[in-house]
Structure formats: structure tokens, C-alpha cells
Amino acid sequence: MKVPRYVLAVAVTSSLALVPLATAGSATAAQAPAHAGKERTLRQLAADDRLRIGTAVDMAALADDPDYRRITGEQFSTVTPENVMKWEVIEPQRGVYDYAAADQLVAFAARHGQKVRGHTLVWHSQLPSWLTTGDFTAQELRQILHRHITDTVRHFKGRIWQWDVVNEAFNDDGTLRNSIWLQKLGPGYIADAFRWAHEADPHAKLFYNDYNIEWSGPKSDAVLDLVGRLKAEGVPIDGVGFQGHLGIQYGLPGGVPENFARFEKLGLDTAVTEADVRMVLPADDEKLATQAEGYRLLLDACLRTRHCISFTVWGFTDRYSWVPGVFEGEGAANLLDEDYGVKPAFRAVQKALSGHARAKSATR
């Protein structure tokens, strides 16, 4: 994902020593200081700010890696399925549903007192082949989309806190993405998706979600205009998700709190939904310090926005990061390294949460 090519001056500090979060009995536990277990978790610190902090979850790692499973449960108060609620996974064949992996995550969240962000109902990517290769009329495709949203939301009714209803519907220049949905159904599919999701679960919070909208610009302006019109028309949209995928080689964005505030003025909740801060490898002290500043500025913008209700990182350890598989030569994007060592970014998030204690409505 692209980020703007301008540079924000960043104060570079020396990197912190990497301290693993792994438990006794694991390969890295011997390196942990004696006081490590006494540190307050991220979810405890975020609760002071009446904020939920979350992570995207790799279900294979959750099943196979006990350190990953423990940290997911201890450090975060929300979880987002990285892939297992996407259409190609839950309906690989038309009319044949497979919610098993998603149900496992929802059950994990319930056991650990976590809320779930549903991701995602309408997207141009990771669609099942029967859908992308099918020769459907506009009416047929509309019925298929309606059924997919209704069946999926009803299946999880009462168990999903926030849904990313429509994901990445815009290009960077502010025009609507020429997806299968726009081609066949026109721009009205966006409002329809929110109406259908609300009918299926009136109590779930419904979000529009996108990348490169954290700062003001053509794409952010277009999303602002869209959600403002939806609100004016009575469409049941509750919030906007700023994904927060940054790359330090392009510089860190400015004006993020002011941009978040534009959306809040519409009466919408906001959330950072997929934060990670990648770099060109290899990592070094300077890059890690700049990465920490990237996480800090995203979290600070959320904390300064009264109705920013959650901050989610897209995975917390470099061991399972999606970045190297998509951006050649890039990585090290997460709060912990591949051995669960604490990076400066983790400490920056800790410090930001410790220093705010904002006043905010407890009803969100």
C-alpha cells in the first residue's frame, strides 16, 4: 500500500534493548527480566483511556504457537480475523459455508473477554473464484451480495462489535475503485451494503474501512464526502476505519489528528484498524526509532479524537507479518520481532497509553 512521499522530521532516539514477552518454558523466556511479568498489559493501559486495543489474528499461529496465543489473549482487548471472515474462506463454493475458523476466533475472544472486529463484508479482493468467474447479471449479483451480507452478519449476530462493511472502495486519486461491485451495481452498492448489514444485526457498529486516508488529501476528501452523504441520507453507518499501513521510507504523515477530527465532526466513530509500520530491510536503530514514532503518531491521533474507539495493529510480531510476502525487501513492521522481542515501537505504544488517560464517554 502506498504512502505519501513527504518527510516529517522525526526525533531519532537510540533503540531499546529487545526484551521477549515469551513465558517461562519457551525458547526465549530465559532472556526476560524478573520484573517483566509485573508490567501492565497494553489492554490494561488502554482501558485507562477507555480505548480498546486490538490485533489481527493469524489462525494457524493461534492454533500452533503457544506464545502467540498467550500474547494475543493477554495484551489485546479486541481481535480481528486476518483472513478467516473473508468471502473466499467462508463460502469457497456457492451456497457452501465454512465458518469454522471464524467461529474458533470468536470463541477465543469470548474466553478472553475480547470484542471482535468483523473483517470484511464487501471488498474487491479475496473473492471466491465462483463469484469472479461467474457470468452474473446485475440483478443476480445484487442478490448474491445481499445474501452474503445477510447470512454472514446473521451467523455472527450479537458476537461482532464492529464490522468493516465496505473495504477499500476508493483509488488514491479519490475516484471509486472499478471493482466488480461498481461495474455491475453502480455506486449505490455501498449504501445498500450498510442497510443490509444493519438489518441483519442492528446492534453491530458498521464501519467504512480504507488505507491512505489517515491524512488529508484526495482520497480522504472523497471518503469524507461519501460518509457525509450516507449520514445525511439516513444510511446506518457508524464509523470510519483508518487502516494505518505506513512505510518509513516515504516519511511519516502529518496532520493526522486534524484529519480524524473532520470525520468525528460528522458524528461518526473512528478507529485505527490495521496499523503497521514497515521499513526497507535490514532494520537498524534509526529505522526502529522512526517506526516507533509512526506507531506513536497514529495512536496519539486516536487518543486525541474523542470518539476514536479502538486501535488495532495488523499483527503484533514480525514472525507472522504479511509484509515480506507483498513488499519485496521490506518487513519488520510490527511491535515485536520474530522472537517476540520488544521493539521501540512496543515501548512507544506503552508510553502513549500511559500518558493520556483521556476523558471519554464510557458508553462506546
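The structure displayed is predicted, hence computed values, not measured ones.
A centroid separation of 6.0 Å or more is found between the aromatic rings of Trp196 and Trp163. Centroid-to-centroid, the aromatic rings of Tyr99 and Phe156 come within less than 6.0 Å. Aromatic rings of His245 and Tyr211 (six-membered ring for Trp) have centroids beyond the 6.0 Å cut-off, not under it. Between Phe194 and Tyr208, the distance separating the two ring centers is not shorter than 6.0 angstrom. In this structure, His148 has its ring center closer than 6.0 angstrom to the ring center of Trp87.
Contact check on Asp64 versus Arg69 returns no salt bridge, with no Lys/Arg side-chain nitrogen under 4.0 Å from an Asp/Glu carboxylate oxygen. Here Lys205 pairs with Asp269 in a salt bridge; the nearest charged N to carboxylate O distance falls below 4.0 Å. A salt bridge links Asp48 with Arg40: the distance from a Lys NZ or Arg NE/NH1/NH2 to an Asp or Glu carboxylate oxygen falls below 4.0 Å. Note on Asp318 versus Arg278: no salt bridge recorded, every NZ/NE/NH1/NH2 to OD/OE distance being 4.0 Å or above. A salt bridge does not link Glu214 to Lys219: none of the charged side-chain nitrogens sits closer than 4.0 Å to a carboxylate oxygen.
A 4.5 Å side-chain heavy-atom check between Thr78 and Arg52 finds at least one atom pair inside the cut-off. Between Val166 and Asp210, every side-chain heavy-atom pair lies at or beyond the 4.5 Å cut-off. Between Leu145 and Val122 there is a side-chain heavy-atom pair separated by less than 4.5 Å. Counting heavy atoms from C-beta on, the side chains of Leu268 and His307 never come closer than 4.5 Å.
Below 30°, between 30° and 60°, or above 60°: for Phe260 and Phe242 the angle between ring planes is below 30°, a parallel geometry.
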Legend entry - Full working for ring-ring contact (aromatic ring centres under 6.0 Å, His included) between Phe108 and His112: CA-CA 6 Å; Phe108 176 91; His112 291 83; 4.0 Å; yes
Inset, instruction - Please lay out, stage by stage, how Thr120 and Asn209 fare under the test side chain to side chain contact (heavy atoms under 4.5 Å, CB included). - result: CA-CA 9 Å; Thr120 175; Asn209 191 54; over 6 Å; no
Inset, instruction - Give the intermediate values and the outcome of side chain to side chain contact (heavy atoms under 4.5 Å, CB included) for residues Ile53 and Leu299. - result: CA-CA 10 Å; Ile53 189 162; Leu299 178 54; 5.7 Å; no
Inset, instruction - Show your working on side chain to side chain contact (heavy atoms under 4.5 Å, CB included) between Thr270 and Cys302 and close with a plain yes or no. - result: CA-CA 8 Å; Thr270 56; Cys302 181; 5.9 Å; no
Inset, instruction - Quick one: do Tyr320 and Asp65 satisfy side chain to side chain donor-acceptor pair (under 3.5 Å)? Show the steps, please. - result: CA-CA 11 Å; Tyr320 301 109; Asp65 186 334; 2.6 Å; yes
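Taking each heavy atom of Pro253 and Trp215 in turn, the nearest pair found is CB-CE3, 3.4 Å. Nearest heavy-atom pair, Val280 versus Lys287, reported as atom, atom and distance to 0.1 Å: O-NZ, 2.7 Å. The two residues Met279 and Ile248 make their nearest non-hydrogen contact at CB-CD1, 3.6 Å. Heavy atoms only, all atoms of each residue included: Asp276 and Tyr295 are closest at CA-OH, 3.3 Å. Scanning all heavy atoms of the two residues, the minimum distance from Asn259 to Ser216 falls at OD1-OG, 3.5 Å. The minimum heavy-atom distance linking Leu298 with Ala275 is given by the pair CD1-CB, 4.1 Å.
Shown here is Gln183, whose CD atom has more than 12 heavy atoms of other residues, nucleotides or ligands within 6.0 Å.
Arg142 forms no cation-pi arrangement with Phe136, by the criterion of a distance under 6.0 Å to the ring centre and an angle within 45° of the ring axis.
Remark: Gln126 CD to Lys86 NZ distance equals 4.0 Å, nearest 0.5 Å. Here the straight-line distance linking atom CZ of Phe311 with atom CG of Asp49 works out to 12.0 Å at 0.5 Å rounding.
For Asn178 and His124, the side-chain atoms include no donor-acceptor pair closer than 3.5 Å.
Distance alone, capped at 3.5 Å, places no donor-acceptor pair between the Trp181 side chain and the Ala169 backbone. Proximity of a side-chain donor or acceptor of Ser77 to a complementary backbone N or O of Arg43 within less than 3.5 Å is not detected.
Screening Asp164, Thr273, Thr80 against His119 for a side chain to side chain donor-acceptor pair (under 3.5 Å) leaves a single residue, Asp164.
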